[in-house]
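First comes the structure, then the notes that go with it.
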Amino acid sequence: MTNQRCPLMLTRRRFAQLSGIAAGSVLMGTASRAAGPPDVKLEIAPYTLEASPKHRFRTIAYNGQVPGPLLRMRPGQEQTVEVRNLTDNPEVVHWHGLFLPSEIDGAMEEGTPMIPPGATTRYSLKPDPPGFRWFHTHTFAGKDMGKAQYGGQHGFLMIEPRENAGDYDREVFLGLHDWEGRMAGSDDGSMSPVYEVSTINGKMLGFGDPIPVKQGERVLMHVLNSSPTEVHWIAFAGHSFYVIALDGNPVPQPKKVQMLRLSPAERVCAIVEMNAPGIWVLGEVRKHVQAAGMGLVFEYAGATGKPVWTQPDDLIWDYRQFALSAEMTQNRAEATRVDLVFDSKFQGHGNEELWRINGKSYPQTDEPILKAGQRYRLVLKNLSADDHPIHLHRHSFEVRRVDDSPELQGLKKDVVLVHAKSTAEVEFLADNPGRTLFHCHQQDHMDRGFMMVFRYA
Ligand SMILES: [Cu+2]
């Protein structure tokens, strides 16, 4: 994968060059947008991914690469997007974390039209809010574990922050993904996906190009978990992460940690100081997942030897450490409480469970009505034995409580992992009228009923 086809790694100078020339239209927009080339062009087509010479498989990708092209936009600056579907199935592109109208957000449950096989569609969007976003397919996979999010349709989208964070020398985008899945039975008779191959930026550990760094550099890492179903724990041998943003939104309490945890669709932005010369592995903390390929090598200039992995001492991840505590809560408008209870219905041994929200599975789930301008507090009660990454489309929410903690504030996200047998509370302002999808981001769960639509009055 060359830098030109997939500019996952850009020094600031290189970025300045790109924005001056080829990417000018992408970044700055153009005067005439009805005709002429679009700002963003996505082609959905079959693709053979080579995760290693021994692991080649057919999948579907954007623009013939996995992850798809890195898109950079400016907040509020309109972009024309052209999507061409060269596959045999209807497709749709979801712009994850953006505040878009339902018609282009990219979920048919909201009314976004599907793109038929062979068809091309064109629309324009206003990117907002600033921060690290992404785009991915939003289709049904069912038993086909090559389809939908099991495949390669995902890409990074950076909506350049208004005030440049600036304090870094190099930016690196890292995408975590799992491949070649199959359903396997567990002791309790339920079925869960297991994977043969795990990658960072489409490559297994040892098969991607090492990332060159220099001592003293500050590297800004943007990590995305695009896995269809798996939570991942990531550490960087010899280094720690200074976490500055979650799901693209700056956290009120940046913090240095040894390990990142990302559930499906979550993003972490962290600064890493390169102050330990050598050749190091960044990878999954669990041995079997790193052995399946989830790792990447960083190489200091002039260093020699084999890549080194060390297990972090500190295996802690907690949303609370990045949030402000309750006492600091200011007066704010009263939020209307919405109780949502998650459970599953056993469908017999060897079958997948049916997931339910308040006792109903999609498309039978309730459609709660929102009033524009009103704040809502979603009380997410998870009665099941699984953790669920819960995503709200077209809005971001504030995480107000996790695992029965005291009240939190200031932590803005669009996905929250609700632990098994626990309750989380999130609050959002209903300020984007239109159908709004709410679902578990685990592909097999959403396929099995774990979805609901909010409507506006
Ligand atoms: Cu789930």
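Just follow the structure's listing: the first ligand is 1, and inside any ligand the first atom is 1. Keep in mind the model is a prediction, meaning the values are calculated, not measured.
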Crowding at CZ, R320 (>12 non-hydrogen neighbours, <6.0 Å):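 Yes, CZ of R320 has more than 12 neighbouring heavy atoms, counting only those of other groups under 6.0 Å.
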
Can you tell me how the ring of H439 sits relative to the ring of H138, calling it parallel under 30°, perpendicular over 60° and tilted otherwise? perpendicular

Using atom types as modelled, flag every donor-acceptor pair under 3.5 Å from a side chain in residues 289-298 to any protein atom, sequence neighbours excluded.
residue: Q290; atom: NE2; partner: E284; partner atom: O; Å: 2.9

Pair F132 and F173, ring centroids less than 6.0 Å apart: yes

Give every protein N, O or S atom lying under 2.8 Å from the Cu ion (ligand 1), naming each by residue and atom.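 Less than 2.8 Å away from the Cu ion (ligand 1) sit H388 ND1, C440 SG, H445 ND1.
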
Under 6.0 Å from the six-membered ring centre of Y319 and within 45° of its axis: does the NZ or CZ of R261 meet both? yes

State whether E398 and R377 are salt-bridged, where the test is any N-O pair (Lys NZ or Arg NE/NH1/NH2 against Asp/Glu carboxylate O) under 4.0 Å. no

